[in-house]
Each structure stands twice: as structure tokens, then as C-alpha cells.
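For reference, the structure is listed below as C-alpha cells.
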Amino acid sequence: MKATEKKLVVGLEVGTSKVLALVGEVLPDGIINIIGVGHCPSKGVDKGGVNDLESVVKSIQRAVDQAELMADCQISSVYLSLSGKHIRCQNEIGMVPIAEEEVTAEDVENVVHTAKSVRILDEHRILHVIAQEYSIDLQEGIKNPIGLSGVRMKAKVHLVTCHNDMARNIVKAVERCGLKVDQLIFSGLASSYAVLTDDEKELGVCVIDMGGGTMDVTVYTGGALRHSVVIPYAGNVVTSDIAYAFGAPPMDAENIKIRYGCAVGSLIGKDEVIDVPSVGGRPSRSLQRQTLADVIEPRYSELLSLVQKELLTLQDELKKQNVKYQLAAGIVLTGGAAQIKGMVECAERVFQNQVRIGQPLNISGLTDYVQKPYCSTAVGLLHYGKQSLLNDDSKDSDKSSLKGIAKRLTGWFKKEF
């Protein structure tokens, strides 16, 4: 079966610690039914960037082969996530006169186009242009301006940009596997698609996707994305602390962290003992679990404090722009490194706000595999792909009407002369 026969979307996340490929079928009610999963340790990626192309290609190929086998389909194109400290964001404003008496879809396109026609960093390119809100003449805070009357329209947009070469390298790795990239998506944006509800976005919420090499942070207030940033430290620094402190091989340190780690020492019984493997074939030693928590807790607090610093800076910036800033829905932690015991308590201390662990929403099918925080980005890519599919469908029906074409032509001539 070719992937095009059903409404299938494929999400591919090439992370620092894992490559994850998901095949999802878009059901009529908007739920995504997951029918294929491919998972494999990531080699050749560091902090979201490619540092060994051949290794990355092999990892991608393995994950994709697994997913194809399980879903019994042939994957030809993917929605691909991108992270790394080169990701930047800026909020911009565009303004256009309204062509007819009322706002058309074309006016909206034009105003967003003017908003994104700004200077961005050298060697960067725009990944996303996300409308925050519109205003027409004196009326502000409009979510959907189509059909409203007025003279001039203004749009506030959030631009996410990335470094050209960084993006090109990860796309190259995917194309080496004979796959086309439908779209490149900032992984922090993808995660927020998977774990947030509309209410949370409205009230104000911050999503922290903690991976192996990066923490992707996105902030929503008033239903719109206000800030995106990638912090190039995450779960791997905790693992290397454990490896150094106990002289354990990195792979074992990772397993110890996952199985016995806890981000708040006081949650552990005083006399719990664990077995720690040693390097170089020496016999393993037993260790108090409390000692492990003493290594983990300060490092997790430090990682989250980096995000808190970012949020305080943002708060000042938004206040200057008269944007209401309050994270009334608190903090949502997701990603592989957020799965450790005591994470919520640790984060609540740092942020002095309510915290929940985010798992992917609105999915069915192989949920045992994917309803886990470490799958948020990949599931979010499927939700993103679903939106693109639905948008394309509505565009196709628009194209078929001659009236639509004629209208577009006259609009185009007006613009030209």
C-alpha cells in the first residue's frame, strides 16, 4: 500500500538520543490513529545538530524501516523536526490597506507577508510565521479577521528562524534515505501541538520539552505563541554527572538515571540500595539511592533555572509591549528527560507555579508505545501534518471553482498595476 491511498502522515524526529518515526492515519474526527512506530538510538547527532552524516543516515533508515514494516506501507515523505541553539524567534507587525470593503483571505495572506518581510539574522531562514492576532482600524485582538469591514489591517506574527546550514544538514540526512521532507518544523512547536489544550494556551502556559541534548521552550499567552527558544543543555548533562560521580560507563549511567533516578531526594526511602556497574570489568558496587539523588537533584534544578531565567526576561519584554503575561496554566514538562521520578516537585520549587507532565493527546492506535512524554515531538509532527493535509484539501476545493481563480487573477492584476 502506498502511503497516499489513506490519509497517512509520517513524523520523523531525529533527536540527540533517539530517532523516532511514527506513521499516523488521520481519522475523520481529527484524531490521529497511529499504525506504525520505528525507534532506534540516535548516532551522529549532538544538541540537535548533525555531526556525523553517515551515522545519522543509518539511524534514520533503521527507524523508518521498522515503522514501514509495522504500518505495512511505504514511506515516501516525512514531517521532520528541527532543534538546536541556532533557533531564534522574533515578534513582528505587518500592516496593509484592506482591498475591498471587507477582509478576504488574500488580505490576510498579504498582511502576514508584510509582517515577515523583515530583516532576520544573516544565514538564517524563516521556519514558521505564526499569526498571533489581528487588528482592524481601532479594533484590536481579532483572532479571525475574514469578512470583517475596515480600512486598514494590522497583524502581529511570531517568526521562528533557523540557521540555513543546520537545517540543510538534517534534511540531507533524510534525503539520503530516499525520503522527501514535506516540511521542517521546530520541535518545540511540534511538542506543544501534542501536549497542550486550547484552554492552556489561552490562560498562558510554558512547555519545556527536555530531551537528551536540548530543552525546547515555547510560551503561549492569550492563545498565541509568544516566545520560542532552545537551551543547549538537557538530560545528557545529568547522565554524565552520574557517570563521573560513580565511575560508571555512560550507557549504564543512563540506565541508572532512568531506573533509580529521582529529582527530589526527600522522596526516597533512607535505606534503599542500588547496584552500580563499574568501568573496565571491575565488579559492580552497591550504593545508596539517596546518594544518586544528591547528584541528580542539583543538576535538574539548575537546568530548570535556566528556563526560569529565560521566562523572567520574556516577562519584562512583553510588559514593555503591553502584552498581558501570566502563566496561569503553569508549566508543562515533556520529553524523555522529564520522565524521571520527582520531576514535578522539583520544577514546582523552581518555578513557584503549577507543573504537569505532558503526554501526547488526541491519538489512538498504538497508544501503549506513544502515549509517553518522550514521544511528544513525533506525535506533534503528525498533528502538524494533519493540519497541512486539511488546509490543502480546502485549498483544492477552492481551486476547482473558476470563480476562485478569476478572483485571484483580478487581485493579482490589482497588485501589479
Side-chain angles (χ1 to χ4, degrees), residues 9 11-13 15 20 22 24 30-32 48 79-84 87-91 127-133 143 157-162 183-211 214-231 234 304 307 310-311 314 318 323 325-339 343 347 351 353-363 370-388:
V9 278
L12 178 66
E13 180 200 0
L20 184 57
L22 298 182
I31 298 272
I32 290 175
Y79 287 87
L80 177 66
S81 64
L82 178 71
S83 182
I87 302 253
R88 292 277 184 280
C89 77
Q90 54 200 79
N91 293 322
L127 256 191
H128 303 286
V129 184
I130 300 160
Q132 293 171 331
E133 61 241 336
K143 292 268 196 266
V157 302
H158 182 74
L159 299 183
V160 181
T161 70
C162 67
Q183 208 178 332
L184 203 52
I185 295 133
F186 166 46
S187 50
L189 179 67
S191 306
S192 67
Y193 266 89
V195 301
L196 288 186
T197 66
D198 288 344
D199 289 344
E200 286 176 315
K201 291 182 190 173
E202 205 50 63
L203 285 167
V205 68
C206 167
V207 182
I208 307 169
D209 183 342
M210 303 184 79
T214 59
M215 291 190 289
D216 300 330
V217 183
T218 45
V219 178
Y220 288 81
T221 66
L225 180 58
R226 306 284 167 186
H227 191 62
S228 328
V229 67
V230 177
I231 296 172
L304 295 172
V307 180
E310 188 73 37
L311 293 180
L314 173 67
L318 290 180
V323 175
Y325 175 90
Q326 201 192 354
L327 299 182
I331 310 282
V332 177
L333 290 174
T334 192
Q339 298 180 133
M343 201 60 211
F351 295 109
N353 201 336
Q354 54 174 336
V355 175
R356 75 174 177 87
I357 301 291
Q359 306 209 54
L361 309 165
N362 302 328
I363 48 173
V370 294
Q371 221 148 21
K372 306 271 195 323
Y374 74 86
C375 292
S376 295
T377 298
V379 171
L381 292 171
L382 298 181
H383 283 301
Y384 196 96
K386 170 184 85 178
Q387 268 183 333
S388 299

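Applying the salt bridge (Lys or Arg N to Asp or Glu O under 4.0 Å) definition to pairs two or more places apart or across chains, those involving residues 220-229 are Glu133-Arg226.
Put simply, OH on Tyr384 and CG on Leu189 are 6.5 Å apart, with the number rounded to the nearest 0.5 Å. Separation of atoms OG1 (Thr161) and CG (Leu159) is listed at 8.0 Å; rounding is to 0.5 Å. Remark: Thr221 OG1 to Gln132 CD distance equals 8.0 Å, nearest 0.5 Å. For the atom pair Gln183 CD and Leu82 CG, the distance stands at 12.0 Å (nearest 0.5 Å). Atoms CG and CE, from Leu304 and Met215 in turn, are 6.5 Å apart once rounded to the nearest 0.5 Å. To the nearest 0.5 Å, the span separating CD1 on Ile32 from CG on Leu381 amounts to 10.0 Å.
For the side-chain hydrogen bond (donor to acceptor under 3.5 Å, both in side chains) test, residues two or more places apart in sequence or in another chain that qualify with Tyr220 are Ser192. Every salt bridge (Lys or Arg N to Asp or Glu O under 4.0 Å) that Glu200 has, sequence neighbours left out, goes to Arg356. Taking the side-chain hydrogen bond (donor to acceptor under 3.5 Å, both in side chains) definition, one finds that Gln339 meets it with nothing, sequence neighbours left out. Checked against side-chain hydrogen bond (donor to acceptor under 3.5 Å, both in side chains), Ser83 has the following partners two or more places apart in sequence or in another chain: Thr214, Asp216.
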Determine, stepwise, if the pair His383 / Ile363 fulfils side-chain contact (heavy atoms from CB on, under 4.5 Å).
-> CA-CA 9 Å; His383 283 301; Ile363 48 173; 4.3 Å; yes
Go through the steps to decide whether Ile331 and Val307 satisfy the test side-chain contact (heavy atoms from CB on, under 4.5 Å), and finish with yes or no.
-> CA-CA 11 Å; Ile331 310 282; Val307 180; over 6 Å; no
Atom pairs and distances, side-chain donor-acceptor, residues 202-211, under 3.5 Å, sequence neighbours left out:
{"residue": "Asp209", "atom": "OD2", "partner": "Ser191", "partner atom": "OG", "Å": "2.5"}
{"residue": "Asp209", "atom": "OD2", "partner": "Thr377", "partner atom": "OG1", "Å": "2.8"}

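The side-chain contact (heavy atoms from CB on, under 4.5 Å) test with His158 is passed by exactly one of Leu225, Val129, Thr218: Leu225.
Nearest heavy-atom pair, Ala338 versus Met343, reported as atom, atom and distance to 0.1 Å: O-CG, 3.6 Å. Across all non-hydrogen atoms, the minimal contact from Leu382 to Gly11 is CD2-N, 3.3 Å. Minimum interatomic distance between Leu196 and Leu361 (heavy atoms only, all atoms of both residues): O-CD1, 3.8 Å. Between Ser388 and Tyr79, the shortest heavy-atom distance links the atoms CB-OH, 3.5 Å. Of all heavy-atom pairs between Asn353 and Gly330, the closest is OD1-CA, 3.5 Å. Lys143 approaches Gly222 most closely through the heavy-atom pair NZ-O, 3.1 Å.
Put simply, the side chain of Gln359 never gets that close to the backbone of Cys375: no donor and acceptor are under 3.5 Å apart. Between the side chain of Thr334 and the backbone N or O of Gly358 there is at least one donor-acceptor pair closer than 3.5 Å. For His128 (side chain) and Phe186 (main-chain N/O), a donor-acceptor pair under 3.5 Å exists by modelled atom type.
Residues Leu311 and Tyr325 form a side-chain contact, since some pair of their non-hydrogen atoms from C-beta on lies under 4.5 Å apart.
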